[in-house]
Amino acid sequence: MAKQRMDKIIASQGAYSRSEVKELVKKGRVLVNGKAVADSAFKADPETDSITVNGKAFGYSEHIYIMLNKPQGVVSASRSPGDKTVIDLVPPTLKRNGLFPAGRLDKDTTGFVLITDDGDFAHEILSPKKHIEKTYVAVLDRPISEAEQKKFESGVALADGYECLPAKIRNLSEDGRTVEIKLNEGKYHQIKRMAAACGSHVNELHRVAIGNLMLDESLLPGECRALTDEELRLIQEK
Ligand code: URA
């Protein structure tokens, strides 16, 4: 990786602003390969140089990937005046410039939202061509019939004429109202519109997985954490 200024490198990881880095440098609290740097414009390679900030080894990663358990009432956008957004729920320790949700859930839908600053990765997991399944649990207002399940599996035609890709659907409850649905695409209000095309209404919707990565159910609604490399791999695994 090309060398970059220390203030840029350190501020890019979220915990300190550029002016805080300047202060730390002044106090001799930023070391590169064991030596205090004299100027925040000093250049280093964050991937190969050993950097210490305020007494702690500085872990650098070019991008960040965050799993959020989205609560109801929060908007899947980077900015939405008057509303709380998924980015507002990211704590300062994980905040970086350029964070956005890779895929949207409706305001009243809950569950797994992936937040990142990596546009290429977001494209990978959202493109229907890449076949990264998104798994939802939906509670319907009435039991789903076998004929309707078959419709989901062969491709529901929405009211506007759009033919959905085949989806997988599995009944999870005795009353037939709670179902698991797996989609390879993410059209606006897709599951609600698929259900509506079958004469049903979705009362509750929760996303439980992206690819082979399940939502960590120990995250309470509104909580988030960074993904591990292994978890990132599970998202993309075929
Ligand atoms: N389908 C919907 O209708 N809403 C969502 O939030 C996600 C999938």
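Note that the structure is a prediction, hence the values are computed from the model and not measured. Indexing begins at 1, ligand by ligand and atom by atom, following the structure's order.
Between Tyr60 and Phe58, the ring planes lie tilted relative to each other; the angle falls in the 30° to 60° range.
Contacts with ligand 1 closer than 4.0 Å are made by side-chain heavy atoms of Leu205 only, the backbone lying farther away. With a 4.0 Å cut-off on non-hydrogen atoms, Thr109 touches ligand 1 through its side chain and not its backbone.
The nearest heavy-atom contact from the protein to atom 1 (N) of ligand 1 is Ile191 N, 3.0 Å.
One N or O on the side chain of Lys151 and one on the backbone of Ala197 form a donor-acceptor pair closer than 3.5 Å. Proximity of a side-chain donor or acceptor of Asn69 to a complementary backbone N or O of Leu219 within less than 3.5 Å is detected. Side chain of Asp141 to main chain of His201: a donor-acceptor pair is present (N/O by atom type, distance under 3.5 Å, no hydrogens or angles).
Using a 4.0 Å cut-off to heavy atoms of Leu105, the atoms of ligand 1 that qualify are 6 (O). The contact set between ligand 1 and Tyr136, taken as ligand atoms under 4.0 Å from a residue heavy atom, comprises 7 (C), 8 (C).
For Asp108, the salt bridge (Lys or Arg N to Asp or Glu O under 4.0 Å) criterion is met by Lys192, not counting sequence neighbours.
Salt-bridge formation is not detected for the pair Lys150/Glu153: no Lys NZ or Arg NE/NH1/NH2 atom is positioned less than 4.0 Å from an Asp or Glu carboxylate oxygen.
Between Leu183 and ligand 1, no N or O atom pair is found at a separation short of 3.5 Å. Ligand 1 has an N or O atom lying under 3.5 Å from an N or O atom of Asp106, backbone or side chain.
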